[in-house]
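Sequence lines set the chain letters: A, B, ... in the order given, protein chains first and strands last, and positions in each chain run from 1. Note: hydrogens, waters and symmetry copies are ignored here, and every other heavy atom, side chains too, is used. Keep in mind it's a predicted model, so treat the numbers as computed, not measured.
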Protein chains: 2
Amino acid sequence: MARRNDHSRDELREMALSAAERVLQQEGFKALSARRVAADIGYSAGSLYTLFKNLDDLCWQLNARTLTQLLAELDRVEQTDAKSCLLAYGHAYMAFAHDHPARWALLFEHGGSRDMPTPASLSERIDSLFARVEVCLQQLKPEMPAAECALTARTLWSGVHGIAVLALRQKLFLDQAQSADKMLQQLVDHFIKGWLIEECRDA
Amino acid sequence: MARRNDHSRDELREMALSAAERVLQQEGFKALSARRVAADIGYSAGSLYTLFKNLDDLCWQLNARTLTQLLAELDRVEQTDAKSCLLAYGHAYMAFAHDHPARWALLFEHGGSRDMPTPASLSERIDSLFARVEVCLQQLKPEMPAAECALTARTLWSGVHGIAVLALRQKLFLDQAQSADKMLQQLVDHFIKGWLIEECRDA
DNA sequence: AATAATTATGAACGATGTTCAAAATAATGA
DNA sequence: TCATTATTTTGAACATCGTTCATAATTATT
């Protein structure tokens, strides 16, 4: 029953999001609740609804943060050769998924219910991710029209994403970890090769 | 408070699973609850716990049914040419995901929390799915060792899965529906081409 | 007909998301 | 300095959730 003014509104939002990330990381998706997050930052559950419209809103904002962090990881890639760069992106992507499974899963499993549209803050970041892939592809095929470039980038990256999903969810039933790396290598390798080679007969 | 014996135990389980599927299909994941399913078959919530260990158990059994239905869809493919067959599998897979979004999503989003292992009834069916892909690949490269075949099948199918995921979740931000089909075509086409061509210089 | 075995119930428990009147504090103006 | 206004935080309340379990109601068996 009080105003404490210990922190600004933005500080509180930041604290709440950090707490939510901590809960996700350490105790998984099922442990994430309004009361839990509120308790972790020393406030009551009702207070969260001053900072966020509802829990969905908190998740959207959380996802935006996750994506910026993921993009930052991708930007640590230093390969200049286009294909090596794509592979390094893939590795970074899968490493991120592996290191932050709950947050990464939330990225794709949240908001799946109804027509609820993905907020712009998210779609911008996703586009920015695809843009990095497009740059690599453009480098491999300079004369390629932009539309094809966008499509191809999404095809290739969907493949990388799919490997990450099934590996993380353990739906592959091979001998675990390094298979995923091999698969990534295979995917990028064969896809790029097949994409570049137009001569050499139509198989 | 009574025994009615209107239906056998197995009939009841069947009714409950069907009701759950109906709820998922018509009202989405968030509408699925023990009380809802029980009410839909004219029983009380507590009765469900005579039929299933808990809601997770119901979901596992539901997923097993979903997978058998998916496999049946795949078996309607009639292409004999290996590559056309793979493409047809891909189309069938994505059509299924499109037509049964909630049940399909449950297949991959359920049980993601902890070390809870995928039950054998599920992993068997998933293996059976991969087996179909392996047959096609084996046909394209008869001399290929089984281990490589298994890995390649999973790589290719992860790609198909990834396209389905991102298309369904609308994380691609192209002009929707037919892009997914183009992407599928692109993926299978380029991946297979790149996989088959070993001569023709190493790009 | 009496007894045993089964099956369905609904109340109960703790937990969830969310709302909102009230309470407590800070800011402001006198 | 004090009264007033504006802001912030609360905690109780509501409906819902998964789950358990003693008990009631019914069938099966003796």
Side-chain angles (χ1 to χ4, degrees), chain A residues 1-17 19-24 26-63 102 106 109-114 116, chain B residues 1-17 19-24 26-63 102 106 109-114 116:
Chain A
M1 358 43 187
R3 171 198 259 183
R4 293 191 249 138
N5 253 10
D6 288 341
H7 311 90
S8 81
R9 243 76 240 306
D10 286 336
E11 276 174 334
L12 277 179
R13 240 183 298 271
E14 158 71 28
M15 289 165 64
L17 290 171
E21 288 172 351
R22 215 168 30 236
V23 171
L24 276 179
Q26 295 175 359
E27 309 180 35
F29 175 75
K30 309 196 72 170
L32 185 65
S33 76
R35 285 176 167 88
R36 180 66 155 75
V37 170
D40 273 27
I41 62 173
Y43 279 75
S44 76
S47 301
L48 273 194
Y49 292 80
T50 306
L51 306 170
F52 306 95
K53 193 163 146 278
N54 50 34
L55 262 207
D56 267 352
D57 181 30
L58 184 148
C59 284
W60 286 121
Q61 297 197 31
L62 209 151
N63 279 344
L106 196 67
E109 293 170 16
H110 176 247
S113 52
R114 219 66 329 246
M116 177 162 53
Chain B
M1 354 51 186
R3 171 200 259 185
R4 293 188 249 141
N5 252 12
D6 287 342
H7 312 91
S8 80
R9 232 84 197 90
D10 285 336
E11 276 175 334
L12 277 180
R13 240 183 298 272
E14 157 72 29
M15 290 165 63
L17 289 171
E21 286 171 354
R22 216 169 28 239
V23 171
L24 275 180
Q26 295 174 1
E27 310 180 37
F29 175 75
K30 307 195 74 169
L32 185 66
S33 75
R35 287 176 167 89
R36 180 67 155 78
V37 169
D40 273 27
I41 62 173
Y43 279 74
S44 75
S47 301
L48 274 193
Y49 292 80
T50 307
L51 306 170
F52 306 95
K53 192 163 147 279
N54 49 36
L55 261 207
D56 267 352
D57 182 29
L58 186 149
C59 285
W60 286 121
Q61 297 197 30
L62 209 151
N63 279 343
L106 196 67
E109 292 169 16
H110 174 249
S113 51
R114 218 71 322 253
M116 177 160 54

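- Atom pair Leu55(A):CG and dA15(C):P shows a separation of 17 Å (rounding to whole Å applied).
- Arg36(B) has no side-chain polar atom (N or O) that falls below the 4.0 Å cut-off from OP1 or OP2 of dT16(D).
- The CG atom of Leu32(B) sits 10 Å away from the P atom of dC17(D) (whole-angstrom rounding).
- Of the candidate nucleotides dA8(C), dT9(D), dC17(D), dT9(D) has the atom nearest to the side chain of Leu12(A).
- Minimum heavy-atom separation, Leu51(A) to Arg13(A): O-NH1, 2.9 Å.
- A straight line from NE2 of His110(B) to C1' of dG18(D) spans 13 Å, rounded to a whole angstrom.
- Checked by atom type, the side-chain pair Ser47(B)/Ser44(B) shows a donor-acceptor distance below 3.5 Å.
- Per the geometry, CZ belonging to Arg4(B) stands 18 Å off P belonging to dA24(D), to the nearest Å.
- Annotation for Trp60(A) and Gly111(A): closest pair CZ2-CA, 4.2 Å, computed over non-hydrogen atoms.
- Rounded to whole angstrom, the span from the CG atom of Asp56(B) across to the C1' atom of dG18(D) amounts to 10 Å.
- Considering only side-chain N and O atoms, Arg9(A) lies under 4.0 angstrom from the phosphate OP1 or OP2 of dT9(D).
- Put simply, CG on Asn5(B) is 12 Å from P on dT29(D), counting in whole angstrom units.
- Residues Asn54(B) and Tyr49(B) share a closest heavy-atom pair of CA-CE2, 3.8 Å.
- Across every non-hydrogen atom of Leu62(B) and Ala20(B), the tightest pair is CD1-CB, 3.4 Å.
- The nearest whole Å value for the distance from the CG atom in Asp10(B) to the P atom in dT7(C) is 12 Å.
- Within the 4.0 Å cut-off from OP1 or OP2 of dG11(D), not a single side-chain nitrogen or oxygen of Ser44(A) is found.
- An OP1 or OP2 oxygen of dT16(C) is reached within less than 4.0 angstrom by a side-chain nitrogen or oxygen of Ser33(A).
- Considering only the side chain of Ser47(A), dT10(D) comes nearest among dT19(D), dT10(D), dT18(C).
- OP1 or OP2 of dT19(C) has not a single side-chain nitrogen or oxygen of Tyr49(A) nearer than 4.0 Å.
- Look at CG on Leu48(A): it is 12 Å from P on dT19(C), rounded to the nearest Å.
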